[in-house]
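Quick note: numbers below take in every heavy atom, side chains included, and nothing from hydrogens, waters or symmetry partners.
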Amino acid sequence: MTSDGYLADCRARLAFDLLANTWNSVVLWSLRGGPSRHGELRRRVGGISAKVLTETLRRLEFNGLVERRAEPGPPPVVSYELTELGRTLLVPIGAFGAWAFEHGDEVMAVRERHGD
């Protein structure tokens with residue numbers, strides 16, 4: 001595949017779209033330790049509204065990356081966990097995080113120079 005192949009390949013675009021949404025990666029990473037309820041997940045992620053978290057979880061579930069489990073009872077208990085497919089994204093997300101840790105100061109310095 002040439003470098004232009006990424007422009008035409010729907011699968012490559014899909015992968016970039018999945019990781020381009022900040023909350024997708026953050027929520028996936030937050031679920032790496034196992035199932036979590038909505039409230040726990042929201043506290044762990046931080047800075048995300050309940051509505052945006054719900055939308056993100058639905059998007060991840062729609063893409064087969066997260067599974068929603070509802071256990072009946074008063075009250076019903078709903079939890080979310082990574083699917084096997086979702087777990088496959090932990091390595092690339094971890095690599096992006098490592099890159100940010102290593103180069104984040106450089107990016108921030110450039111931004112400051114440009115006044116952004």
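- Of the options L53, L82, L41, a side chain to side chain contact (heavy atoms under 4.5 Å, CB included) to S30 is made by L41 and by none of the others.
- No donor-acceptor pair closer than 3.5 Å links the side chain of N24 to the backbone N or O of L19.
- Applying the salt bridge (Lys or Arg N to Asp or Glu O under 4.0 Å) test to every pair with at least one member in residues 72-84, sequence neighbours left out, gives these pairs: R69-E81.
- Between the CD atom in E61 and the OG1 atom in T56 there is a gap of 12.5 Å [rounded to 0.5 Å].
- Proximity of N63 to R59: side-chain heavy atoms (C-beta onward) are separated by under 4.5 Å at one or more points.
- Two residues are said to be in side-chain contact when any heavy atoms from C-beta on lie closer than 4.5 Å; L60 and L31 fail this criterion.
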Can you list, pair by pair, the side-chain donor-acceptor contacts under 3.5 Å of residues 71-80, counting residues two or more places apart and other chains?
none

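- Residues V26 and I48 fail the side-chain proximity criterion, which asks for heavy atoms closer than 4.5 Å.
- Formation of a donor-acceptor pair under 3.5 Å by the T83 side chain with backbone atoms of E67 is not found in this model.
- Summarising the geometry, atom CD1 belonging to I93 is positioned 4.0 Å from atom OG belonging to S25; distances are rounded to the nearest 0.5 Å.
- Sorted by first and then second residue, the ring pair (Phe, Tyr, Trp, His ring centres under 6.0 Å) pairs with a member in residues 28-68 form an empty list; sequence neighbours excluded.
- If you chain together hydrophobic residues whose side chains sit under 4.5 Å apart, V27 and F96 fall into the same group.
- Among residue pairs with one or both ends in residues 87-104, those qualifying as side chain to side chain donor-acceptor pair (under 3.5 Å) are H103-E106; sequence neighbours excluded.
- L89 CG to L28 CG: the interatomic distance, rounded to the nearest 0.5 Å, is 6.0 Å.
- Here side chain to side chain donor-acceptor pair (under 3.5 Å) pairs that include residues 40-53, with residues two or more places apart or in two chains, are S36-R44.
- At a threshold of 4.5 Å between side-chain heavy atoms, the hydrophobic network of Ile, Leu, Val, Met, Phe, Trp and Tyr places L14 and L90 in one connected group.
- Residue pairs meeting the salt bridge (Lys or Arg N to Asp or Glu O under 4.0 Å) criterion with at least one partner in residues 14-39, sequence neighbours excluded, are absent.
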